[in-house]
Amino acid sequence: MGLELYLHLLSQPCRAIYIFAKKNGIPFQQRTVELLKGQHLSDAFAQVNPLKKVPALKDGDFILTESVAILLYLVRKYKVPDYWYPQDLQARARVDEYLAWQHTALRRNCLRALWHKVMFPVFLGEQVSSELLAATLAELDVTLQVLEDKFLQNKAFLVGPQISLADLVAITELMHPVGAGCQVFEGRPKLAAWRRRVEAAVGEDLFREAHEVILKVKDTPPADPTVKQKMMPRVLAMIQ
């Protein structure tokens with residue numbers, strides 16, 4: 001069997017991998033893992049990823065987890081344009097720098113914004129205090145400023161004149177709070193222009209397809225009580 005990708009497009013790193021594979025014509029079989037039904041917590045999925053998280057990659061007998069590792073595996077296995085992960089040492093180091101930073105910064109704050117604003121009250125039926133929500137959104141705003149000042153600066157893209165893995169990972173993260181109704185690009189013309197360039201580089205149809213689920217997240221039905229009980233400890237650990 002060929003390349004298999006275990007994904008759910010509610011997940012921001014899954015969206016990055018999905019867009020990258022589709023944009024670069026990488027053939028794969030999509031194995032959808034229904035996160036909101038708790039399929040990632042099943043014993044069956046644990047045979048693929050014992051950590052019980054998406055995304056995951058299966059290439060024959062080889063199984064790989066962690067989104068950045070998967071993206072780099074795809075870059076190295078398939079012939080893709082150099083700009084995604086440049087051969088130039090310093091340009092590649094800039095991509096690595098962003099990918100190392102984003103895990104505990106942009107990803108964390110975008111994830112918290114989504115869960116505190118939408119997923120807790122709508123999906124889990126748990127109210128979030130106005131004070132906690134305000135603090136979460138304030139942290140996100142600080143991180144957006146770092147994204148602009150440290151990484152984007154006055155460049156077309158995060159690393160230079162062309163799109164890279166850094167831009168793809170960043171935009172899929174930012175669409176989390178967008179789906180929750182946060183106006184993250186409002187009052188940030190530089191960041192808004194960057195978003196338009198990323199969408200154009202990816203292709204607007206593919207971008208829209210990949211983000212359809214997150215843009216409708218406010219319509220998510222309430223969780224089954226059993227699923228809620230299984231998910232709650234993991235969610236709390238994830239967004240700390």
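None of these values were measured; they are calculated from a predicted model.
- When every heavy atom of L99 is checked against every heavy atom of A166, the shortest pair comes out as CD2-CA, 4.5 Å.
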When you look at F207 and M175, which way does the side chain to side chain contact (heavy atoms under 4.5 Å, CB included) test go after all the steps?
-> CA-CA 11 Å; F207 189 88; M175 294 305 290; 4.0 Å; yes

Under the side chain to side chain contact (heavy atoms under 4.5 Å, CB included) criterion, do L165 and F20 qualify, and how do the steps go?
-> CA-CA 8 Å; L165 291 181; F20 182 79; 3.8 Å; yes

Derivation of the side chain to side chain contact (heavy atoms under 4.5 Å, CB included) call for W115 and M238 | CA-CA 10 Å; W115 279 89; M238 178 177 65; 3.6 Å; yes

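- No path of Ile, Leu, Val, Met, Phe, Trp and Tyr side chains, each step under 4.5 Å between heavy atoms, connects L51 with V54, placing them in separate hydrophobic clusters.
- Atom-to-atom distance recorded for H116:NE2 and L132:CG is 4.5 Å, nearest 0.5 angstrom.
- Residues E97 and K150 are paired through a salt bridge, judged by an N-O separation under 4.0 Å between the basic side chain and the carboxylate.
- Annotation: E186, atom CD; neighbour count of heavy atoms from other residues, nucleotides and ligands within 6.0 Å does not exceed 12.
- Distance check: C110 SG to Q102 CD gives 9.5 Å after rounding to the nearest 0.5 Å.
- When all heavy atoms of V122 and T220 are compared, the pair lying nearest together is CG1-O, 3.2 Å.
- Panel note: side chain N49, backbone K53; a donor-acceptor pair is recorded below 3.5 Å.
- Closest of all the heavy-atom pairs between L3 and L74 is CD2-CD2, 3.9 Å.
- Using a 4.5 Å heavy-atom threshold, the side chains of K117 and C182 count as touching.
- Between K190 and E148, none of the side-chain N atoms (NZ, or NE/NH1/NH2) sits under 4.0 Å from a carboxylate O, so this pair counts as no salt bridge.
- Side chains of L144 and L106 form a contact here, defined as non-hydrogen atoms less than 4.5 Å apart.
- Heavy-atom contacts from other residues, nucleotides or ligands closer than 6.0 Å to CG of D43 number 12 or fewer.
- At least one side-chain heavy atom of T143 sits under 4.5 Å from a side-chain heavy atom of W101.
- Counting heavy atoms of neighbouring residues, nucleotides and ligands inside a 6.0 Å radius, atom NZ of K230 does not exceed 12 of them.
- Nearest heavy atoms, F45 versus A56: CZ-CB, 4.5 Å.
- Linking ILVMFWY residues whenever their side-chain heavy atoms come closer than 4.5 Å, directly or via other members, leaves V142 and Y98 in distinct clusters.
- Rounded to the nearest 0.5 angstrom, Q30 CD and C14 SG are separated by 9.0 Å.
- Taking CG from L57 and OH from Y73, the interatomic distance works out to 6.0 Å, rounded to the nearest 0.5 Å.
- Between D59 and K77 there is a salt bridge, since at least one side-chain N of the basic residue sits less than 4.0 Å from a carboxylate O of the acidic one.
- Among T136, N109, V184, the one residue that satisfies the side-chain contact (heavy atoms from CB on, under 4.5 Å) test with P177 is V184.
- Checking each of I26, L71, V68 against I17 for a side-chain contact (heavy atoms from CB on, under 4.5 Å) leaves exactly one that passes, namely L71.
- Ring centroid separation for the pair F157 and Y83 does not come in under the 6.0 Å cut-off.
- At a threshold of 4.0 Å, the pair E199-R196 does not count as salt-bridged, since none of the basic side-chain nitrogens sits closer than that to a carboxylate oxygen.
- The two residues H40 and L35 make their nearest non-hydrogen contact at CE1-O, 3.3 Å.
- W194 and F185 have tilted rings, their planes meeting at an angle from 30° to 60° on a 0 to 90° scale.
- Judged purely by distance below 3.5 Å, without hydrogens or angles, the side chains of H176 and R15 pair a donor atom with an acceptor atom.
- Within the 3.5 Å criterion, the main-chain N or O of A156 finds a donor-acceptor partner in the side chain of R197.
- A salt bridge links R208 with D205: the distance from a Lys NZ or Arg NE/NH1/NH2 to an Asp or Glu carboxylate oxygen falls below 4.0 Å.
- Side-chain contact check for E212 versus L9: every heavy-atom pair is 4.5 Å or farther apart.
- Looking at heavy atoms from C-beta onward, H211 lies in side-chain contact with T172 at the 4.5 angstrom threshold.
- Taking a 6.0 Å sphere around NZ of K216, one finds it holds 12 or fewer heavy atoms contributed by other residues, nucleotides or ligands.
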Go through the steps for I214 and L114 under the test side chain to side chain contact (heavy atoms under 4.5 Å, CB included), then give the verdict.
-> CA-CA 10 Å; I214 192 64; L114 175 69; 4.0 Å; yes

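- Formation of a donor-acceptor pair under 3.5 Å by the K37 side chain with backbone atoms of E34 is not found in this model.
- Counted by atom type alone, Q145 and R188 present one or more donor-acceptor pairs between their side chains at under 3.5 Å.
- For the pair P222/K228, no side-chain contact is recorded, criterion being any heavy-atom separation below 4.5 Å from C-beta on.
- Residues Y85 and D96 bring a donor and an acceptor atom of their side chains to less than 3.5 Å of each other.
- Side-chain heavy atoms closer than 4.5 Å link hydrophobic residues (I, L, V, M, F, W, Y) into clusters, and following such links, possibly through other members, connects V146 to L140.
- Pairing each heavy atom of V227 with each of G38, the nearest pair is CG1-N, 4.1 Å.
- Heavy atoms from other residues, nucleotides or ligands lying under 6.0 Å from CG of L89 number 12 at most.
- Between the side chains of Q29 and E4, not a single donor N or O lies within less than 3.5 Å of an accepting N or O.
- Two residues are said to be in side-chain contact when any heavy atoms from C-beta on lie closer than 4.5 Å; L168 and V198 fail this criterion.
- Annotation: side chain of E139 is in contact with side chain of R112 (closest heavy-atom distance under 4.5 Å).
- Rounded to the nearest 0.5 angstrom, M231 CE and L236 CG are separated by 10.5 Å.
- Going from atom CD of Q153 over to atom CG of L158 covers 10.0 Å, rounded to the nearest 0.5 Å.
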